[in-house]
J.: 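Before I ask anything, here is the structure I am working with.
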Amino acid sequence: MLTSMFSPYTRRILFPFEYLRMRSAFKRLVNETYIPAIEKRRAQMEAGEDVPDDLLSSMLDDDAPGAPGPALDTQIIAELNTLLVETSDSISGALQWILLVLGQHAEYQEKCYKEIVSIIGDSPDDDQPTRDELEQMPLLTGVVKEALR
């Protein structure tokens, strides 16, 4: 396809309809994902149910210390985008770098794998590691810190 020859920025300038189509699809996805979650949490709070003490609850709580009132849905969506979407670039970059470093050092890749399996197992049904389990992985912690140094 002709558009694959250009960088994303250049494609957006030369082929604005593709960019607008993608932007429209993203907005639709946001509306289908965030808005129901916001409405559900708002309904739980209005019903007096116990809700997690998290950022979404804080944004919806007009009694929170220093809050001028509940945030508008558009403000909440903007904050969620910042936290969930825009930070993914730095996180994915860090993970790519860690995987590259491990790929270049197969012996450490194998040692990290064995350390992980010894603590959380290798079954696909095993849960994600807890904070305590992660603290029992000094080699993996060291590899991550060294790769990000």
Side-chain angles (χ1 to χ4, degrees), residues 1 3-4 6-9 11-12 18-19 21-149:
M1 178 178 225
T3 59
S4 64
F6 301 101
S7 72
Y9 179 74
R11 278 196 308 259
R12 187 169 45 186
E18 176 186 356
Y19 170 73
R21 182 184 53 76
M22 290 171 52
R23 189 171 146 199
S24 175
F26 179 74
K27 279 186 161 186
R28 196 170 39 254
L29 177 65
V30 164
N31 289 335
E32 292 171 356
T33 307
Y34 293 165
I35 291 176
I38 293 168
E39 290 172 350
K40 180 180 177 185
R41 181 66 57 85
R42 185 177 285 127
Q44 290 172 325
M45 292 174 73
E46 288 172 357
E49 296 178 22
D50 285 337
V51 294
D53 185 22
D54 58 10
L55 182 63
L56 180 56
S57 295
S58 296
M59 288 190 282
L60 291 171
D61 186 7
D62 56 351
D63 294 330
L72 301 173
D73 287 359
T74 54
Q75 293 169 317
I76 293 171
I77 289 171
E79 290 298 324
L80 291 173
N81 279 338
T82 300
L83 290 170
L84 301 175
V85 177
E86 294 172 12
T87 58
S88 68
D89 289 340
S90 58
I91 293 169
S92 67
L95 288 173
Q96 288 172 355
W97 185 249
I98 291 167
L99 293 174
L100 175 69
V101 170
L102 282 174
Q104 292 173 339
H105 301 282
E107 68 278 8
Y108 285 99
Q109 182 179 3
E110 182 64 26
K111 288 178 182 179
C112 285
Y113 175 77
K114 287 180 180 178
E115 183 177 69
I116 293 167
V117 168
S118 72
I119 294 170
I120 63 170
D122 63 352
S123 168
D125 297 332
D126 288 332
D127 290 332
Q128 293 181 356
T130 64
R131 180 179 295 270
D132 291 336
E133 289 171 332
L134 288 173
E135 289 174 359
Q136 296 173 31
M137 300 181 196
L139 179 64
L140 181 63
T141 302
V143 166
V144 169
K145 286 181 179 179
E146 182 63 25
L148 297 177
R149 183 171 63 92

J.: Hey, what do you get for NE2 (His105) to NZ (Lys111), rounding to the nearest 0.5 Å?
T.: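 So the NE2 of His105 and the NZ of Lys111 are separated by 12.0 Å.
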
J.: Can you tell me how far the CD1 atom of Ile120 sits from the CD atom of Glu115, to the nearest 0.5 Å?
T.: 10.5 Å

J.: Testing the basics here: between Ser57 and Val51, what is the closest heavy-atom pair and its distance to 0.1 Å?
T.: OG-CG2, 3.6 Å

J.: Between Gln136 (side chain only) and Ile119 (backbone N and O only), is there a donor and an acceptor less than 3.5 Å apart?
T.: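 It does not hold such a pair.
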
J.: Could you measure the distance from the CD atom of Glu133 to the OG1 atom of Thr130? Nearest 0.5 Å is fine.
T.: 3.5 Å

J.: Using side-chain heavy atoms (C-beta onward) and a distance below 4.5 Å, is Tyr34 in contact with Asp73?
T.: no

J.: Taking all non-hydrogen atoms of both residues, which atom of Pro129 and which atom of Met137 are closest, and how far apart?
T.: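 That would be CB-CE, 4.3 Å.
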
J.: Just wondering, do Glu110 and Lys114 contact through their side chains at under 4.5 Å, heavy atoms?
T.: yes

J.: Quick check for you: to the nearest 0.5 Å, what is the distance between Arg42 atom CZ and Lys40 atom NZ?
T.: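 It is 14.5 Å, given to the nearest 0.5 Å.
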
J.: To the nearest 0.5 Å, tell me how far Thr74 OG1 sits from Glu79 CD.
T.: 10.5 Å

J.: Whether the side chain of Thr33 engages the backbone of Leu29 through a donor-acceptor N/O pair (distance < 3.5 Å, no angle test) should be reported.
T.: yes

J.: Any side-chain heavy atom of Asp54 sitting closer than 4.5 Å to one from Arg41?
T.: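 Yes, close enough: below the 4.5 Å cut-off.
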
J.: Determine whether Leu60 and Gln44 make a side-chain contact, defined as any pair of heavy atoms from C-beta on separated by less than 4.5 Å.
T.: no

J.: Any heavy-atom pair between the side chains of Gln96 and Leu99 that's under 4.5 Å?
T.: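 Sidechains of Gln96 and Leu99: no contact.
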
J.: State, yes or no, whether a side-chain contact exists between Leu102 and Cys112 at a heavy-atom distance under 4.5 Å.
T.: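 Yes, close enough: below the 4.5 Å cut-off.
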
J.: Are any of the side-chain heavy atoms of Ile77 and Ile38 separated by less than 4.5 Å?
T.: yes

